[in-house]
Amino acid sequence: MSFLISRRPIFNQSGATDMYELLYKFTSKKNPDGDIALLTEEDVTEAKDYLKNNMNTVFDGRIAYIRFTPFLLDNNFNELFLKERLIIEVSAEMLAEPSTLQKCMKLKRLGYRIALSDILYNPENPELFNFADVIRFSIGKDPDDIALTVKKCHERGKTAMAENVETQEEFELARELDIDYISGQFFSRPVLETKRSGGPMIKTFLQILALLYSPEPNIEYISAVISTDPVLTIKLLKVINQLCADKGNTVSTVHQALVMLGIDRLKEWIYLVGLQRLNRNTPTEILCLALFRARFCERISRNSGGGVGSRSNELYLMGLISIVTGSKDDEALSKALDDLPVSDEIKKGITGDGIFSDIFHLACSYENGEWDKVFMYAVSCNINLDVLAIEYTNALTFVRKYGKFGN
């Protein structure tokens, strides 16, 4: 059986990640739709073992936020977590069932926090509001209703959380409304504007990329360009000396640093540092997402075989730059990609066409817990769901190791 899991960051008002929401799906060859009624006791044990074994990797020391179904409640999935490290979300419809309400009341007595989804404060029916420790609602609700809900939350020691925050403007609105926690896909929206007539850093960034992706990259030329930018120089020397600290050597020149780093890792570093430099408000989470998607695309391609299996390095790069150039606006995306010296296959993969596109869509669907799409693209990529689950956690492990590479 497969227990597919993914995570979604939940941010505090400063934009730091305080929690990860668990997205999950039970599935198997005999039960591809994840019908709960068909799950066996062995399936439940396997799912619990998988979650327990990968908990540190998935949640990375942060609080786990999980939408519990009656099935998870009945099978005591909460026991896998310390009560201080878990928030259990339930729906108002679930609490209408007396047995479910009793279970949630017991969990509260044990010290677990209960979140209620998709509700706002209602003075005519305050019981549900009073029961919950966390109130979660869509940012698309009426701002006045949201403001009243947040006020009542803070008066009564509760936490207010907004979801479906899709744009930077909505994120700023959530902060203005004093909402405690914010979730949504706004953090993976465009964060880098690649302009043909940009400032010095943009020109340096694109010049280095052009040199890196020339048929025969020349370390001498690349080091000369980097050396014209003091911030890039300092950052490069810092990261190299951190990586080589155990060898007892001090690297003091850009050329020496590039030789030790190598072209492939230099490409990765330049993208991440460029991302930070061109938008200083970029959350750390987006750098982690860039690394994750790059690694996940690479590993998926290696497991899928065929023509793309031998081009995993290009798939890695595709995943990495998709965050830098990510956009829902086709015209803006096309213009951003035009400025990047990468292959047409990579560009087409990001825009949803060509031989790399199914790999890209599979990775993005898995990130977002869009399981129906995951199943569809897994078939087209000829990759087993069990392998996907393993490679997902492997990619997260990679991020934990190298997630501060661009800092």
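Sequence positions, counted from 1, serve as the residue numbers for this chain.
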Determine yes or no for a side-chain-to-main-chain donor-acceptor pair under 3.5 angstrom, with [X] supplying the side chain and [Y] the backbone.
X: Arg295; Y: Phe398; value: no
X: Thr45; Y: Glu41; value: yes
X: Tyr181; Y: Val134; value: no
X: Thr149; Y: Tyr121; value: yes
X: Asn122; Y: Glu124; value: yes
X: Ser227; Y: Thr233; value: no
X: Asp49; Y: Glu46; value: no
X: Lys152; Y: Phe129; value: no
X: Asn76; Y: Glu79; value: no

**Study point:** Matching residue for Asp133 among Lys83, Arg113, Lys108 - test: salt bridge (Lys or Arg N to Asp or Glu O under 4.0 Å)
**Key:**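 When Lys83, Arg113, Lys108 are each tested with Asp133, the salt bridge (Lys or Arg N to Asp or Glu O under 4.0 Å) holds only for Lys108.
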
Point to revise | Atom of Ser301, atom of Ser304 and distance for their closest heavy-atom approach | key: O-OG, 2.9 Å

Do [Y] and [X] meet the salt-bridge criterion of a basic N to acidic O distance under 4.0 Å?
X: Glu172; Y: Arg175; value: yes
X: Glu21; Y: Arg67; value: yes
X: Asp180; Y: Lys158; value: no

Any side-chain donor-acceptor pair under 3.5 Å between [X] and [Y]?
X: Glu285; Y: Tyr20; result: yes
X: Thr351; Y: Asp353; result: no
X: Thr397; Y: Asn394; result: no

Practice item. Assess whether atom CZ of Phe71 is packed by more than 12 heavy atoms of other residues, nucleotides or ligands within 6.0 Å. Key: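 Enclosed.
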
Check your understanding: Around Lys141, counting heavy atoms of other residues, nucleotides and ligands shown, do more than 12 lie under 6.0 Å from its NZ?
Key ->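 Open.
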
Point to revise | Option passing ring-ring contact (aromatic ring centres under 6.0 Å, His included) with Tyr366 (candidates Tyr24, Phe375, Trp371) | key: Trp371

Point to revise | Reference residue Phe81; test ring-ring contact (aromatic ring centres under 6.0 Å, His included); the match among Phe59, Tyr65, Tyr112 | key: Phe59

Check your understanding: Phe292 and Tyr392: aromatic ring centres closer than 6.0 Å?
Key -> yes

